[in-house]
Amino acid sequence: MIKNLTSGEREISIFILVLVAIAGLAMAALGRADPLGTQGWIVILLAGSLLWLIFRAAFEPEPVEERLTSYYDDPIKIGIALSMFWAVFGMFVGVWVAAQLAWPNLAFDAAWSSFGRLRPAHTTGVIFGFGGNALIATSFHVVQRTSRARLAGQLSPWFVLFGYNLFCILAISGYLLGITQSKEYGEAEWYADIWLVIVWVTYFVLYIRTIARRKEPHIYVANWYFMAFILVVAILHIVNNLAVPVSWGHAKSYTIWPGVQDAMVQWWYGHNAVAFFLTAGFLGMLYYYLPIRAQRPIFSYRLSILSFWGITFFYMWAGSHHLHYTALPHWVQTLGMTFSVMLLVPSWASAGNALLTLNGAWHRVRDDATLRFMMAAAVFYGLSTFEGSFMAIRPVNSLSHYTDWTVGHVHAGALGWVALITFGSLYTLVPNLWKRERMYSAKLVEVHFWLAIAGTLIYVFAMWNSGIIQGLMWRTYTDEGALAYSFTDSLVAMYPYYIARAVGGLLFLMGAVIGCYNMWMTIKSVPLAARADDAPVASAAVPGE
Amino acid sequence: MDFDYDTVVAFSKTWGLFYMMAFFLCVCVYAFWPSNRQRFDRAKHSILDRDDEPWQK
């Protein structure tokens, strides 16, 4: 991998890593006993390990000139590996925190392993670690193939990938140390947030420059989704994380947003993180890998355009449905509720478009678990967007809010939609990228599929049950007008569902581990494909320009 | 007239609706414009092409 960088590029990367290490040293020096100091040492350690890797290969011969006439796949391969690592890590922590809710002793009386610290480690690990790396890897793949152009940079893809993972590590190690901004899905503190801005702007510039190099006249719709993802996440991240640190030597900061505005900004961020991180980018995957795997063009390209603009414009207004019955002005709550219901139209347009693409290829869905992953993802996408619109309605929300129903809804989306489309895309991508004939074992893909489906269903049904029971118990009154159940009563009623939830999560984790093994064995032992790639034949191919 | 909370609310409750409707119409016109059909058809088929090299030129 490093061999494919010129000596000049190797020098620049050494220079960048030294700068990062100096920044880490400054954090360690200024932070001293503050957790910021520990975070500084983590930065130095990571920059140092990358430096060591580069120094080891520093005097390798210059790369061949021909590399510039092929696609740049090295960062994608590492991105896939990182994504699968984070999947196992994040899902393991998820199973752990789920088990803690059933058996609290599993916190082992340590501060770092308490529920409050592990829970953001789980969410950040799966959303940003697993999802984010998968998005970066697939976006690099899709933009090159659909633009018929190589990535517009040799170093910047690596900077984006490793810089992003540095952010993930800083965030998660910070939570375990007790650092948090107390903003859901945006818990990382100011220094990590500033670093992510630098990385993200580089990502955006790289993406735009690659598209500018395209040889195809039209920008394929998957790229629109990826671009919306990159651009909007930048805006959300910056606005929600505007904060003033206590001092340069402290990890702690205070947001500039006061009171209810802080709540509104947080949920504008939080819901659009669902919209643009967990939906738009993964729809980009859907619109590319599903047609490729099914060997059929997308059912309606026009519909994909309409639903793209519907999703980008409607989602922006939906965040306030997280704040029903709060100090937020009533009309803002109503606005959020209305846009959430309207969102059903573009969401179902995308889900329907995906399923109609499979019309005529259902025998392939039956035989090919990889394609079935994507089909199931589209179904779960349709189901969870319906559920989301429904739960955003104010009276429904009065029952569902603060209960496990919300948790179940999030996981219907995260496991059923996001993770399934990612696994389907990665199973399509891995043999293609490493130029193998096929995956190591189609049977293991099949096993993974059924573990994932069973895990998701067990999880979601457990949370539906427990959530609705919770909601009903909390609003049951006695004849005298007093609450019939105490909080502890409702907690005791949750016990069997919490065990079921941990089992569902465990099945899903087992599937991910099997996926890792299958991918590893594909790279290690499956013979190289005879053809240059395994992309399918187009039914109506259009010759090049 | 003061520029305060009520001004912003009044604007978003009136013109806020119209600009979104206008935007919606623009998107529809773009998606259904007859001469765009060929471009879209080509786009959706071209990802299925089999070559795995960037195009030179």
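Quick note: numbers below take in every heavy atom, side chains included, and nothing from hydrogens, waters or symmetry partners. The sequence lines fix the lettering, A, B, ..., with proteins before strands; numbering per chain opens at 1.
For chain A, no part of B/Phe24 is nearby; none of its heavy atoms comes within less than 4.5 Å. The contact between A/Tyr288 and chain B is made by backbone and side chain atoms together, counting heavy-atom distances below 4.5 Å. In this structure, the portion of A/Phe299 lying under 4.5 Å from any heavy atom of chain B is its backbone and not its side chain. Proximity to chain B (any heavy atom under 4.5 Å) is shown, for A/Arg213, by neither the backbone nor the side chain.
The pair A/Asp73-A/Arg145 counts as a salt bridge, with a side-chain nitrogen and a carboxylate oxygen less than 4.0 angstrom apart. A salt bridge links A/Glu216 and B/Arg42; the closest N-O separation between the charged side-chain nitrogens and carboxylate oxygens is under 4.0 Å.
Residue B/Tyr30 places its OH atom among more than 12 non-hydrogen atoms of other residues, nucleotides or ligands, all under 6.0 Å distant.
Among A/Thr146, A/Ile298, A/Val332, the residue with the largest count of heavy-atom pairs under 4.5 Å with chain B is A/Ile298. Across A/Val142, A/Val221, A/Leu306, the residue that shares the most heavy-atom pairs under 4.5 angstrom with chain B is A/Leu306.
For the pair A/Arg150 and A/Tyr71, the NZ or CZ position fails the cation-pi test of under 6.0 Å to the six-membered ring centre and within 45 degrees of the ring normal.
Residues B/His45 and B/Phe40 place their aromatic rings such that the two centres sit no closer than 6.0 Å.
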